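Down below is the structure, laid out as structure tokens.
Just so it is clear, the structure is predicted and the values come from calculations on it, not from any experiment. Order of the sequence lines sets the chain letters (A, B, ...), proteins ahead of strands, with each chain counted from 1. Only heavy atoms go into these numbers, but all of them, side chains included; no hydrogens, no water, no symmetry mates.
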Amino acid sequence: MSKLILIDGNSLANRAFYALPPLSNSSGLHTNAVYGFTTMLLKLLEEQQPTHFLVAFDAGKVTFRHKDYAEYKGGRAKTPPELSEQFPLLRDLIRAFGMAQFELEGYEADDIIGTLTRIADEKGDIEVIVVTGDKDMLQLVSDRVKIALTRKGITEVELYDKALIEEKYGLKPHQIIDLKGLMGDASDNIPGIPGVGEKTALKLLHEYESVEGVLENAAQLKGKMKEKVEQHADEARMSKELATIYREVPLTTQWEELAYSGYEGQALAGMFRKLEFKSLLEKMDFSGGDSAEAGREQASIEAAVVGEDDMAELVGILPQVTALHVEAAGDNPHNAEMIGLALYTEAKCYYVPFERLQEGTAEAEAVKAWLQSSDKALAVYDQHRAEILLAWRGIHLRGTEFDVHLAAYLLDPTESALTLNGLTVKYGLPALKADEDVFGKGAKFQIPALDVLCDYLCRKAAAIHQLTEPMKRDLEESGMHQLFYGLEQPLASVLAAMEEKGIEVDTEALKQYGEELGSQLETIMHSIYDAAGMEFNINSPKQLGEVLFEKLQLPTVKKTKTGYSTDAEVLEKLEPYHPVIGHILHFRTLSKLQSTYVEGLLKEVRKDTGKVHTYYRQTIAATGRLSSQYPNLQNIPIRLEEGRKIRRVFVPSKPGWSILTADYSQIELRVLAHISQDEKLMEAFLHDLDIHTKTAMDVFGVSESQVDSNMRRQAKAVNFGIVYGISDYGLSQNLNITRKEAAQFIEQYFAVFQGVRQYMDDIVRKARQDGYVTTLLQRRRYLPEITASNFNLRSFAERTAMNTPIQGTAADIIKLAMVQMDERLKRDGLRSRMLLQVHDELVFEVPEDEIETMKTAVAEVMENALKLDVPLKVEVDTGSNWYEAK
DNA sequence: ACAGTCACG
DNA sequence: ACGTACGTGACTGTC
């Protein structure tokens, strides 16, 4: 017996679209409907094992139903673009599944399906399952035909046969159209009889069988009901007609064309890769088939653990090694436990437990020398991390030519995982396990048996090798070749060196500061308990909320998902109401300093060196900035004097040396001036004016002497807003003014800085057109949500489109300066060392005799790192610690 | 693991 | 009308 599955394509696509959260691939295509559709198809194939398959689609805007009834489906919301753009993908997907698909101008999918079920009914010897979200289709149910109605979600369906319809409605399948004739259907704009809903309609049908039966017997009805039925008889007849599926569509399709014999793995895998359905790719087994190019099956690879006696063989094959992987346990490479190295050659892969390199044998030394030699071109995964790991063990890795991790970041900086496993999926390479699956996670972390470990790490090295060519191609295609080789890759080594060097912390001073904070906190804590009249955990927002808003009955300003908001903004508004508020604000400030900057920092100081070694993350921030961890040295307090004092504990590592800081002044606004070519803004920087004062003069239309501190403050906020991708709401929040006033400021700003307005308009348009924005150095960020119909998502993407080229170009510039400064220090044989980067600031430690040289050199390098049409300005300062150098 | 809060540019 | 300024990381409390 044959089994035919008929899919109502439009209905299912809609279902999937609204049932699933937004989802898009890296080129900005929305894919949630396609994803839902895919899971549905896979489930049907597995559970039903059909012999025939067809997906039917609606075609043409106007069907015969519109000709009969112009309002048909009127008032229905237009299909959002996020969905309509998925239909072509859906077509491709069905093709990749090897299934028949069909549409016919002037007919809807349900008419095609209705016609096929009629043919099946006549033909006999076949079972049909129709999959749809449309209850009307129940009218097609027969002995041979069942309807699978989607329930919540997408893959869950309820299978209706005659018995179930009888049980649920007490109706025969053909009476479904009578039901709809009476009750109508708001979503298709089918009227029915007003005031008749499902309950009444069913009662009437149980009594009179059909619409016609009800109308004939209208006289027997009572009161309002009688009136309604008589008045709307024509609507009822028409509604029934509209609801009736047309089952005589002139189909030319031959039965054989619907035959389904399964999909071809490579075609489907290719489609999944295009759509970036990573979880499906990983879950499904696409092996088999005759394709020589492996597919995703776990090919067996030649892998060997290098034992003490095998070192000579290893040394022999070193020239053939093309890929290297360094594995260690722990997130922080500065204190991670080394596991070992995997060295890949075309013929065989070698796993080298790290102990092999520490045996002091001639062979071990040869391997170390090889690692440090520039005379090779290896592919690696995360060169920066590998360099740090090896550097702590006295090995200075060189000769790395390509880094698939760093390349993956440039190709899509918003991708959060960037795991090797994820990359193999994306590039259709043999499956690789996730680290978590091999090592376990958190407390369960465990290094597996040697053979498992060897196999896994060798597979990693093989994957790195195989990813290299396609990823280089992609980098080239997106114009980021130079960014990679000229900037990011050299930077990785510069960062590793800075981090390994570390920065000295005066732990005694830090502890003393901690004690002062501790006694102050103690005092404030008691003041708070006294003022509140009770003791509670001030650090608990929940308890604090209860005290302030329930016990003390203070007015609630703002709420969070879970309760009352007690953040600084709220507390500042409450300050006049109760003396406890001021204490709480102060307590918060000091307790933050104590926990994060005293205790937190002390934990990160290495006992052996007395230094902290932050880990700069080069592949985290979507804009191209660095981030800093363990500890984060990019958010050390400065704005408030109390916190700023922390900076005193960051000191030079040698007596008599100084800390030198160099800040870019207004780098983002200068970048904006260059990108937008705005005349006024460029002129301001060409004359090196105080940009906020100048903005105030222009926006408020006053002379320099008339600009008071408040005007300057407001102008400064406007400038910030411009950089962030301005909105009146955001500015109004920041300045505590009304939205209208904020909108006025913005309008006045744009009236003066017309080039900036032009840039903002252009960049958003370009983002919509290309799906991404770029920095001056071609760093790219995709913004799939720029075309969203959801206002919030779209607005966010628009602001990001405005901000990313600015913030990202500033990041490009300081990165360039770092690489150039590193070269400069080497070239001039200076002893000064670069210690930190804080987005627009570099920190060095310098010996006394290099202070003047360095002041000049740093400013020169930073100011000329990239030539813009406005000058870059750098302010340099020195002092005995980070606090004094500013 | 997540939410709330707050430190920085 | 919609409701957020852009980009990060660390700590505490709570579930």
Ring centres of F745(A) and F700(A) under 6.0 Å apart? yes
Please classify the nucleic acid contact of S565(A) as base, sugar-phosphate, or nothing, using heavy-atom distances under 4.0 Å. sugar-phosphate
Got a sec: does the NZ of K716(A) have more than 12 other heavy atoms crowding it under 6.0 Å? no
Which value, in whole Å, describes the distance between the P atoms of nucleotides dG3(C) and dC8(B)? 31 Å
For dT8(C), does either OP1 or OP2 sit under 4.0 Å from a side-chain N or O belonging to R625(A)? no
Provide, to the nearest angstrom, the distance between the CD1 atom belonging to I636(A) and the P atom belonging to dT8(C). 19 Å
Length of the CG-C1' vector between L633(A) and dT8(C), whole Å: 13 Å
Assess whether atom OH of Y883(A) is packed by more than 12 heavy atoms of other residues, nucleotides or ligands within 6.0 Å. yes
Does K645(A) form a salt bridge (charged side-chain N to carboxylate O under 4.0 Å, His left out) with E641(A)? I'd like the steps, not just the answer. CA-CA 6 Å; K645(A) 291 192 166 66; E641(A) 179 56 28; 3.4 Å; yes
Name the nucleic acid region contacted by A717(A), choosing base, sugar-phosphate or nothing; use a 4.0 angstrom heavy-atom cut-off, strictly under. base
Let's see if you can work this out: which of dA5(C), dG3(C), dC6(C) has an atom nearest to the side-chain heavy atoms of F791(A)? dG3(C)
Kindly indicate whether a cation-pi arrangement holds for R739(A) with Y729(A), taking the cut-offs as under 6.0 Å to the six-membered ring centre and within 45° of the axis. no
Report which part of the nucleic acid S727(A) touches: base, sugar-phosphate, or nothing (heavy-atom distance under 4.0 Å, all strands). base
side-chain hydrogen bond (donor to acceptor under 3.5 Å, both in side chains) filter on K766(A), not counting sequence neighbours, yields D770(A)
If I pick the P atom on dC6(B) and the same atom on dA1(C), what distance separates them, to the nearest angstrom? 33 Å
When the P atoms of dA7(B) and dC2(C) are compared, how many Å lie between them, rounded to an integer? 32 Å
Checking side chain to side chain donor-acceptor pair (under 3.5 Å) between T566(A) and each of R588(A), Q543(A), K542(A), which is the one that passes? R588(A)
Can you tell me which residue among K559(A), E546(A), E550(A), K558(A) is in a side chain to side chain donor-acceptor pair (under 3.5 Å) with Y564(A)? E550(A)
Close side-chain approach of V723(A) to Q807(A), heavy-atom, < 4.5 Å: no
Nucleotide-level pairing of DNA chain C, given in dot-bracket where Watson-Crick and G-U pairs need both distances under 3.5 Å and | marks other strands: .....|||||||||.
Could you state the atom-to-atom distance from CG of L731(A) to P of dC6(C) in whole Å? 13 Å
Contact interval (first through last nucleotide) of DNA chain B with protein chain A, 4.0 Å heavy-atom: dA1(B) to dG9(B)
Whole angstrom is fine here: how far is it from CD in E798(A) over to C1' in dA5(C)? 14 Å
Just call it for A811(A): base, sugar-phosphate, or nothing, with non-hydrogen atoms closer than 4.0 Å on any strand. nothing
Separation of dT4(C) atom P from R739(A) atom CZ, nearest Å, is 11 Å
Quick one: list whatever passes ring-ring contact (aromatic ring centres under 6.0 Å, His included) with Y513(A), sequence neighbours left out. none
Could you point out which residue of R799(A), R781(A), R780(A) forms a side chain to side chain donor-acceptor pair (under 3.5 Å) with T804(A)? R781(A)
Sugar-phosphate, base or nothing in reach of V723(A), heavy atoms under 4.0 Å: nothing
Quick test of your reading of the model: are D435(A) and K441(A) salt-bridged, counting only N-O distances below 4.0 Å? no
Sugar-phosphate or base contact per nucleotide [nucleotides 9-15 of chain C; S, B, -; heavy atom under 4.0 Å]: BBSSSSS
Hey, does F796(A) reach any base, or is it just sugar-phosphate, or nothing, if we go heavy atoms under 4.0 Å? sugar-phosphate
Looking for any heavy atom pair under 4.0 Å, which part of the strands does L626(A) touch: base, sugar-phosphate only, or nothing? nothing
Got a sec: does the CD of Q446(A) have more than 12 other heavy atoms crowding it under 6.0 Å? no
What residues in residues 639-650 of chain A put a non-hydrogen atom under 4.0 Å from any atom of DNA chain C? none
Go through it in stages, so that I can follow the logic: the residues are H384(A) and Y616(A), the test is ring-ring contact (aromatic ring centres under 6.0 Å, His included), and I'd like the CA-CA distance, side-chain angles, deciding distance and then a yes or no. CA-CA 9 Å; H384(A) 176 208; Y616(A) 282 111; 8.0 Å; no
Rounded to the nearest angstrom, tell me the gap between atom CD1 in I763(A) and atom P in dC6(C). 16 Å
So T566(A), base contact, sugar-phosphate only, or nothing? Heavy-atom distance under 4.0 Å. sugar-phosphate
Whole-Å distance separating the CG atom of N736(A) from the P atom of dA5(C): 15 Å
D812(A) atom CG is separated from dG7(C) atom P, nearest whole Å, by 16 Å
Look at all strands and tell whether A622(A) reaches a base, only sugar-phosphate, or nothing, counting heavy atoms closer than 4.0 Å. sugar-phosphate
With side chains defined as the heavy atoms from C-beta onward, is the minimum distance between I620(A) and L626(A) less than 4.5 Å? no
Hey, is D877(A) close enough to K886(A) for a salt bridge, meaning N to O under 4.0 Å? no
